[in-house]
Amino acid sequence: MSIFSKIAAGEIPSYCCASNDEFYAFLDINPLVKGHTLVIPRREVDYIYDLTDDELARLHVFAAHVARAIKEVIPCVKVGEAVLGLEVPHAHIHLIPMQSERDMLFSNPKLQLSGEEMQSIADAIRAKVTD
Ligand code: AMP
């Protein structure tokens, strides 16, 4: 089981932002900016483009609902999307609230936020996600 499968199954704690039978969204533990969120399929697939066309489409619709909620909670110009997958072999989309394109640079230093702040960001996003 990948670390992200364990997170989606609730076996490893996470700051949950949205969840349904097929997908799970949670805060990145090493955020580039406040509200940096990961969106995953529960099905364990390493490379995102190995998902079926239908899964990929549904994943993006789910991610869009999360991105709209992030934008309501975190003041930003737009929510950017990135796919890397070089570290964790379980397909995931990064959603990153941007003030400028510099916020998308993965070489930037990561924020260190308290558990309380992470929880309150995740709670605020979860409260805004619509089906
Ligand atoms: P990448 O696979 O290159 O897209 O990077 C994996 C991302 O997952 C990184 O941004 C990590 O900070 C994040 N990450 C790794 N482990 C966890 C975890 N337990 N909870 C939340 N985010 C994580």
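Every number for a ligand or one of its atoms is a count from 1 in the order of the listing. Computed from a prediction, not measured in an experiment: that's the story for all the values here.
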> Is Tyr15 touching ligand 1 with its side chain, its backbone, both, or neither, if touching means heavy atoms under 4.0 Å apart?
Replying inline: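 Within the 4.0 Å criterion, Tyr15 makes no contact with ligand 1.
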
>> Heavy-atom pairs closer than 4.0 Å: do any link ligand 1 to the side chain of Phe26, the backbone, both, or neither?
In response: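 Looking at Phe26 and ligand 1, just side chain atoms fall under 4.0 Å.
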
Could you check whether any side-chain N or O of [X] sits under 3.5 Å from a backbone N or O of [Y], counting only pairs where one atom can act as donor and the other as acceptor?
{"X": "Arg42", "Y": "Tyr24", "value": "no"}
{"X": "His94", "Y": "Glu81", "value": "no"}
{"X": "Lys110", "Y": "Asn108", "value": "yes"}

> Does atom OH of Tyr47 have more than 12 heavy-atom neighbours from other groups under 6.0 Å away?
Replying inline: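 No - once you tally the heavy atoms of other residues, nucleotides and ligands closer than 6.0 Å, there are 12 at most.
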
> More than 12 foreign heavy atoms under 6.0 Å from CG of Asp50: is that the case here?
Replying inline: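 Buried by this count: over 12 neighbours within 6.0 Å.
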
Identify the closest protein heavy atom to [atom]: which residue and atom is it, and at what distance?
{"atom": "atom 10 (O) of ligand 1", "result": "Asp28 OD2, 2.5 Å"}
{"atom": "atom 17 (C) of ligand 1", "result": "Ile29 CG2, 3.8 Å"}
{"atom": "atom 19 (N) of ligand 1", "result": "Ile7 CD1, 3.6 Å"}
{"atom": "atom 16 (N) of ligand 1", "result": "Phe4 CE2, 4.1 Å"}
{"atom": "atom 1 (P) of ligand 1", "result": "His92 NE2, 3.3 Å"}

> Side chains of Arg43 and Thr52: donor-acceptor distance under 3.5 Å anywhere?
Replying inline: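 Short answer, no.
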
>> Hydrogens and angles aside, do Tyr15 and Thr37 bring a side-chain donor and acceptor to less than 3.5 Å of each other?
In response: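 Checked: Tyr15/Thr37 side chains show no N/O donor-acceptor pair below 3.5 Å.
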
>> Heavy atom to atom 5 (O) of ligand 1, shortest distance: which of Lys110, Glu87, Lys6, His36 holds it?
In response: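 When every heavy atom of Lys110, Glu87, Lys6, His36 is considered, Glu87 comes closest to atom 5 (O) of ligand 1.
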
Any idea which atoms of ligand 1 are less than 4.0 Å away from a heavy-atom of [X]?
{"X": "Gly85", "result": "1 (P), 2 (O), 3 (O), 4 (O)"}
{"X": "Asn30", "result": "12 (O)"}
{"X": "Leu84", "result": "3 (O), 4 (O)"}
{"X": "Leu27", "result": "21 (C)"}
{"X": "Leu38", "result": "8 (O), 13 (C), 22 (N)"}

> What do the steps show when you test His92 against His90 for ring pair (Phe, Tyr, Trp, His ring centres under 6.0 Å), and what is the final call?
Replying inline: CA-CA 6 Å; His92 53 281; His90 184 134; 7.8 Å; no

> Name the one of Asp28, Ile74, Val33, Val79 that satisfies side-chain contact (heavy atoms from CB on, under 4.5 Å) with Ile96?
Replying inline: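 Of all the options given, the one that passes is Val33.
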
>> Does any N or O of ligand 1 fall below 3.5 Å from an N or O anywhere on Phe106, backbone included?
In response: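 N/O-N/O distance below 3.5 Å does not exist for this pair.
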
